[in-house]
2 protein chains.
Amino acid sequence: MSRRRPPSSTEDLLSLLKSHGVKVTHQRLLVAEALMKLDHPTASEIYEFIASRAPAVGVATVYRTLRLFTKTGLTREISSMRGLSRYELYQRPHINLHCIACGHITDFDDSHTKGLFSVFTRRGFRVLGCDVAVLCPSCTARSRR
Amino acid sequence: MSRRRPPSSTEDLLSLLKSHGVKVTHQRLLVAEALMKLDHPTASEIYEFIASRAPAVGVATVYRTLRLFTKTGLTREISSMRGLSRYELYQRPHINLHCIACGHITDFDDSHTKGLFSVFTRRGFRVLGCDVAVLCPSCTARSRR
DNA sequence: CTGTTTGCAAAAAATTTGCATGTTC
DNA sequence: GAACATGCAAATTTTTTGCAAACAG
């Protein structure tokens with residue numbers, strides 16, 4: 001299990017946006033920063049994170065920005081139970097273990113990944129990510145009680 | 001790639017519900033039937049499917065039933081883009097190739113599955129399903145134009 | 001009978017849109 | 001300066017809830 005921690009400084013974020021052909025704005029940098037500092041946040045977690053800053057960013061902009069980021073491949077949308085999406089800065093294809101009970105997402109990156117993905121790519125699918133629905137160890141224990 | 005087509009007759013459905021400790025009602029049988037006949041339907045697709053019958057089933061009941069089915073392990077909820085969940089009758093853990101462009105879900109079941117899942121179960125995760133976000137062959141072609 | 005389940009309509013939650021104004025390149 | 005991005009509030013879409021009536025076991 002690996003904890004990958006992507007770009008860090010404001011300059012990194014700036015070039016990250018540029019490299020994806022995205023016009024740079026104050027609010028987009030803030031959304032990117034939130035994505036970097038939060039762990040697989042939802043749109044409203046990102047909104048909350050930014051809310052304190054001035055000028056604050058509107059909800060609509062957060063959603064529009066996330067849609068743009070996802071369309072340009074800068075982020076990946078991980079859809080969650082009951083109509084809630086979570087987002088992550090896109091790294092290479094890796095595996096997210098997504099607990100359906102507590103909602104926590106654990107990143108996973110091991111040798112099996114490549115072998116698995118190649119089965120799909122060989123058949124013409126372009127793999128963007130992989131989400132495994134699980135009960136995490138602690139929720140499994142809890143459900144046994 | 002395998003197309004698994006689960007239970008068929010009304011009797012099968014009946015015992016399916018019973019085997020999961022779910023009280024049998026007319027509306028639950030209808031929801032189960034919809035799940036059987038439709039391909040990874042959303043809640044509202046299920047609602048539409050049933051709408052023609054008499055007595056019709058309320059939306060709330062469809063949602064309540066799906067939540068119950070998922071809780072008892074009868075179905076699995078596959079979260080989709082933009083706050084929309086899809087459902088499938090639960091088979092054994094298998095892989096869903098989920099196209100983020102057209103939304104289509106392709107079932108996949110091959111030998112690689114076991115090896116991959118055992119990596120997770122060995123670490124205490126209980127695996128319920130696996131969704132791979134992809135661009136399917138035709139959407140990949142379309143996006144190149 | 002007794003506890004569950006349902007329908008309905010209203011509420012909540014999540015996301016999108018219209019449009020006038022402000023900003024990037 | 002032209003094209004694009006933003007804020008705001010209103011509109012949509014998806015899902016949940018409250019409560020009285022109906023139903024399963």
Side-chain angles (χ1 to χ4, degrees), chain A residues 10 13-32 34 40-72 74-75 77-87 100 103, chain B residues 10 13-32 34 40-72 74-75 77-87 100 103:
Chain A
T10 305
L13 291 180
L14 232 147
S15 50
L16 184 65
L17 296 200
K18 279 180 182 165
S19 71
H20 284 263
V22 167
K23 193 180 274 189
V24 176
T25 69
H26 181 62
Q27 18 288 86
R28 286 174 182 179
L29 284 172
L30 285 173
V31 171
H40 299 98
T42 62
S44 63
E45 282 167 0
I46 291 169
Y47 177 74
E48 295 298 329
F49 180 86
I50 299 175
S52 50
R53 321 301 175 84
V57 175
V59 231
T61 299
V62 172
Y63 281 102
R64 276 186 290 229
T65 301
L66 289 171
R67 223 188 323 164
L68 173 74
F69 281 8
T70 300
K71 191 145 293 171
T72 59
L74 213 152
T75 54
E77 181 180 7
I78 306 170
S79 313
S80 212
M81 307 301 112
R82 270 173 276 293
L84 238 180
S85 289
R86 297 187 165 275
Y87 297 84
I100 67 161
Chain B
T10 304
L13 291 180
L14 232 147
S15 50
L16 184 66
L17 296 201
K18 281 180 181 164
S19 71
H20 284 264
V22 167
K23 193 181 274 188
V24 176
T25 68
H26 180 63
Q27 15 289 85
R28 285 174 185 179
L29 284 172
L30 285 172
V31 171
H40 298 100
T42 62
S44 62
E45 283 166 0
I46 292 169
Y47 176 74
E48 295 298 329
F49 180 86
I50 299 175
S52 47
R53 322 300 175 86
V57 175
V59 230
T61 299
V62 172
Y63 280 102
R64 276 186 291 229
T65 302
L66 290 170
R67 225 190 320 165
L68 173 74
F69 281 7
T70 300
K71 191 143 295 169
T72 58
L74 213 151
T75 55
E77 182 181 7
I78 306 170
S79 315
S80 215
M81 307 301 112
R82 269 172 277 295
L84 239 180
S85 289
R86 296 186 166 276
Y87 296 83
I100 67 162

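Hydrogens, waters and symmetry mates play no part in the numbers below; they use all other heavy atoms, side chains included. Source: prediction; values computed, not measured. Sequence lines set the chain letters: A, B, ... in the order given, protein chains first and strands last, and positions in each chain run from 1.
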Show your working on side chain to side chain contact (heavy atoms under 4.5 Å, CB included) between A:Tyr47 and A:Thr42 and close with a plain yes or no.
-> CA-CA 9 Å; A:Tyr47 177 74; A:Thr42 62; over 6 Å; no
Determine, step by step, whether A:Glu77 and B:Ile100 satisfy the side chain to side chain contact (heavy atoms under 4.5 Å, CB included) criterion, reporting the C-alpha distance in whole Å, the side-chain angles of both residues, the deciding distance to 0.1 Å, and the verdict.
-> CA-CA 9 Å; A:Glu77 181 180 7; B:Ile100 67 162; over 6 Å; no
Show the numbers, then the answer: is there a side chain to side chain contact (heavy atoms under 4.5 Å, CB included) between A:Gln27 and A:Thr65?
-> CA-CA 8 Å; A:Gln27 18 288 86; A:Thr65 301; 5.6 Å; no
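Rounded to whole Å, atom C1' of C:dT4 lies 4 Å from atom NZ of B:Lys23. For the pair A:Arg67 CZ and D:dT6 C1', the interatomic distance rounds to 14 Å; values are reported in whole Å. In this structure, the CG atom of A:Leu29 is 15 Å from the P atom of C:dT23, given to the nearest Å. At whole-Å resolution of the value, CG in A:Leu84 and P in D:dT16 are 11 Å apart. Across the protein-nucleic acid pair, A:Glu48 atom CD and C:dA13 atom P stand 13 Å apart, rounded to whole Å. Atom CG of A:Leu17 is separated from atom P of D:dC4 by 18 Å (rounded to the nearest Å). The distance between atom CZ of B:Arg86 and atom P of D:dT15, rounded to the nearest whole Å, is 11 Å. For the pair A:Glu45 CD and C:dA14 P, the computed distance is 10 Å after rounding to whole Å.
Among the protein residues, A:Val59 comes within range of no part of the nucleic acid, since none of its heavy atoms lies under 4.0 Å from any strand.
For B:Tyr63 and D:dT15, the shortest distance from a side-chain N or O to OP1 or OP2 is below 4.0 Å. Using a 4.0 Å cut-off, no side-chain N or O of B:Arg28 falls inside it from OP1 or OP2 of D:dC23. For the OP1/OP2 pair of D:dA5 and a distance below 4.0 Å, the side-chain nitrogens and oxygens of A:Thr25 include no atom meeting the criterion. Contact annotation: B:Arg64 does not reach the phosphate of C:dT4 (side-chain N/O to OP1 or OP2, under 4.0 Å). Between A:Gln27 and the phosphate of C:dT23, there is no side-chain N or O to OP1/OP2 separation shorter than 4.0 Å.
Here the side chains of B:Leu17 and B:Leu13 are not in contact, with every heavy-atom distance at 4.5 Å or above. Residues B:Arg28 and B:Val22 are in side-chain contact: their nearest non-hydrogen atoms beyond the backbone lie under 4.5 Å apart.
Closest to the side chain of A:Thr61, out of C:dA14, C:dT16, D:dG7, is D:dG7.
Each of B:Ser44 and A:Ala60 lies near DNA chain D, and the nucleotide nearest A:Ala60 is the one positioned closer to the 5' end.
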